[in-house]
Amino acid sequence: MRPIQMVDLKEQYRHIKDEVDAAIHGVLDSAVFIGGKPVQDFCDHLAAYTGSRHVIPCANGTDALQIAMMALGLQPGDEVITPSFTYIATTEVIALLKLKPVFVEVDPRTFCIDPVSVEKAITPRTKAIVPVHLYGQSAAMEQILDIARRHGLYVIEDNAQAIGATYTFSSGEKVKTGTMGTIGTTSFFPSKNLGCYGDGGAIFTQDDQLAERMRMIANHGQSVRYYHDIVGCNSRLDALQAAILDVKLKRLDDYNAARRQVAAAYGDAFAGHAQITTPVIEPGNTHVFHQYTIILEGVDRDGLQQYLADRSIPSMIYYPVPAHRQKMFTDQGAGGEDLPVTDWLTKRVISLPVHTEMDQGHIEHITRNVIDFIQKN
Ligand SMILES: *Cc1c(COP(=O)(O)O)cnc(C)c1O
């Protein structure tokens, strides 16, 4: 059996090596490393795939969030509502731009921002909501968009973990995550569902003016070379990464389907074990299982992790400290909200390996050992 990893990029590459190598060599031969056709082609293909009017490439998913917030013209002290239960990047850029992160709860069933908690946190200074499609499933976007509309707020979807996932509105309209808010952002970090071989990111919007502004911000605030109209930054997706991503984008639906199959097999194996709560998929959602995360009740989580590690099974805690308890915020007088659901989840979640190269043997080895530990302890 191949060793079990949280993600197996080596094995994935082996299957697409010829095409990826040719794409890389094409860029090397052209000697155009920044911008150029591969970046344009990939953005066009990603726009078509997601149904987004604009796709703006950038250097990583954190920059994507930063550029999005810069483009909206938010002012220091403006409040931005974000889940505490997320990767730090979502919340860090808010503070970086001198905005005030206001941390709210997630729905413990979906791990995504809780609309009730959002509504309660709104003040006259609130300017934006940042739902995160955590672990690969859409947040409750109909409710979030409704709240935003009623209060005149921007919505920035952090889609770093859910590219390719879909959401269905009550009207029956089905859309890709990242395309519903004012702006959507994503990351092409290697382990993401659509990952490159370095860093990369993208921004989505349907708004022509915002798109233009974000393109400028990502390029030193210029639209005409050497004429800088607004303060921007330098954030680019390079041609090598774009060429690699274009090869993988064609396989994204298959990759996501493979992840769903792993999740379904886990779900079958864990069914009926009262101490394990398996992921809930909301009706109308297509989950892309960036992570397969279960909730443990009455289980020694550290003990389980060690037991699995001793049997060559990796596992991870995403994330061991929620944002509202991170020193970077509490030292600044932010955070410290009372978020019992977030704290409760933080102590109980564990993520098991899920990737595109897992086979039945891997899954059986993992589920058998998880269940053995729970039954013995
Ligand atoms: C990975 C990730 C990011 C940041 O992406 P980078 O490319 O690493 O900067 C932001 N938000 C979430 C939820 C992520 O998982």
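On a predicted model such as this, the values are computed, not experimentally measured, just so you know. Start at 1 and go down the list; that is how both ligands and their atoms are numbered.
- Atom numbering of ligand 1 starts at 1 in the shown order; those under 4.0 Å from a heavy atom of Ala160 are 2 (C), 3 (C), 10 (C), 11 (N), 12 (C), 14 (C), 15 (O).
- Residue Glu119 qualifies as enclosed at atom CD: its count of foreign heavy atoms under 6.0 Å is above 12.
- Residue Asn60 approaches ligand 1 through these ligand atoms, each under 4.0 Å from one of its heavy atoms: 7 (O), 9 (O).
- Ring orientation note: the planes of Phe373 and Tyr307 are tilted relative to one another, at an angle of 30° to 60°.
- Remark: Lys347 does not engage Asp343 in a salt bridge, criterion side-chain N to carboxylate O under 4.0 Å.
- Nearest protein heavy-atom contact of atom 8 (O) of ligand 1 is Ser187 OG, 4.1 Å.
- Using 4.0 Å as the threshold, Lys192 has a heavy atom nearer than that to some atom of ligand 1.
- Ring centroid separation for the pair Phe42 and Phe188 comes in under the 6.0 Å cut-off.
- Under 3.5 Å, the side chains of Glu212 and His54 contain no donor-acceptor pair of N or O atoms.
- Of all the listed residues (Tyr318, Tyr319, Phe189, Tyr87), Tyr87 holds the heavy atom that lies closest to atom 3 (C) of ligand 1.
- Each of the atoms 11 (N) of ligand 1 lies under 4.0 Å from some heavy atom of Thr90.
- Contacts with ligand 1 closer than 4.0 Å are made by side-chain heavy atoms of Val132 only, the backbone lying farther away.
- No side-chain donor from either of Asn159 and His133 sits under 3.5 Å from a side-chain acceptor of the other.
- Only the side chain of Asp158 comes within 4.0 Å of ligand 1, counting heavy atoms alone; its backbone N, CA, C and O stay farther away.
- When hydrogens are left out, the protein atom nearest atom 4 (C) of ligand 1 is Thr62 OG1, 3.5 Å; that is the closest non-hydrogen contact.
- Between Thr123 and Glu79, the side chains place a donor N or O and an acceptor N or O closer than 3.5 Å (distance only, hydrogens not considered).
- Nearest-heavy-atom check against atom 6 (P) of ligand 1 across Gly61, Ala162, Cys196 picks out Gly61.
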